Amino acid sequence: MRAVLLALPLAVALGSGPLLADDDEWMPPVTHTLTREECGDCHMAFQPGFLPARSWNRMMGTLSDHFGDDASIGIEKANAIRAYLTANAGDVDRRGAARGYMRWITPDGVPQRITENPAFVREHDFRPSVWQRHDVVTKSNCLSCHKGADRGYYEDD
Amino acid sequence: MPRFAMLAAALLAVMTGGPASAGDAADRAAILSGYAEQAAADDPGFSGFTAARGEDLFRTRWAGGDARTPACTACHTEDPRAQGRNAKTGRPIEPAAVSVEPDRFTDIDEVEKQFRRDCDSVLGRACTAREKGDYITFMQEQ
């Protein structure tokens, strides 16, 4: 108990981003309206900190085959979103959980699926029945369990 | 800018809800008449959109595209007034019915983007102008 009492003010003093969330349970949120809207047409706009800049570059250049779907948008919008995602990518802004995710990425790696990162996998080691819940649909549906995910909060719910 | 012009512009912005205001029935009517022109060009016998054909389009099990979305109802549910769920991503989808979501089908860029994606996913092809108009006509009455 004494250790907790001492640690709490220390954590508050050191904390630079989130309130009341462990560093690895918070990711700097998406602040770019166009990114929120366009990505958000089909899924929550994932925070750029989950992937390095080169991954976002490839993703925004291959929208006509976006995990099997044609997610093409106009070139001007795509470029604006690409600029935002790469400027705030995990290897650029290492705050919050970005640091933990970047640790697993090899120097020449260009990952596309956030759910394949070991930092994700080790936190999501659930029975198949959890993934099969009808409101989950897919592993990338953060919001079905993390109600604050679109604001960057990934506490265990 | 003269003071009067600035004042008038500010007043206009307030009255119209500003440049980012949601679309309304007039915008939807304009989109429908654009599709009607295209439909008439595609087929000289075209005689207007019908909600009944739009409902058929909505409920038919096309199974022409992605296996996860054999019909519109795979995401939108059988009830256009209900909240749906993206069958690929799990994202909630606001109702397509105009009575529940009055700004549905009021931005031509958004409408075209969504038909392009969804027709490809459900029917495995682009929708015709007649199909798009029928669909909007059905949703307008829901």
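Chain naming here is simple, since letters A, B, ... match the order of the sequence lines and numbering starts at 1 in each. Just so we're clear, the structure is a prediction, and the values are computed from it rather than from any experiment.
- Atom-to-atom distance recorded for B:N86:CG and A:N141:CG is 9.0 Å, nearest 0.5 angstrom.
- To the nearest 0.5 Å, the span separating CG on A:D41 from CZ on B:R117 amounts to 5.0 Å.
- For B:R68, the CZ atom sits in a packed shell: over 12 heavy atoms of surrounding residues, nucleotides or ligands are nearer than 6.0 Å.
- For B:R61, the CZ atom is loosely surrounded, since the number of other residues' heavy atoms within 6.0 Å does not exceed 12.
- Put simply, CD on B:Q114 and SG on A:C42 are 6.0 Å apart, with the number rounded to the nearest 0.5 Å.
- Between chain B and the residues A:E38, A:H134, A:K139, the largest count of heavy-atom pairs under 4.5 Å involves A:E38.
- Remark: A:R58 CZ is loosely packed, at most 12 non-hydrogen atoms of other residues, nucleotides or ligands lying under 6.0 Å away.
- Residue B:E112 qualifies as enclosed at atom CD: its count of foreign heavy atoms under 6.0 Å is above 12.
- The hydrophobic clustering, which links ILVMFWY residues whose side-chain heavy atoms are closer than 4.5 Å, places B:V122 and A:F67 apart.
- Judged by distance alone, with hydrogens and angles left aside, the side-chain atoms of B:R91 form a donor-acceptor pair with the main-chain N or O of A:G40 at under 3.5 Å.
- The two residues A:T138 and B:T89 have their closest heavy-atom pair at CG2-O, 3.5 Å.
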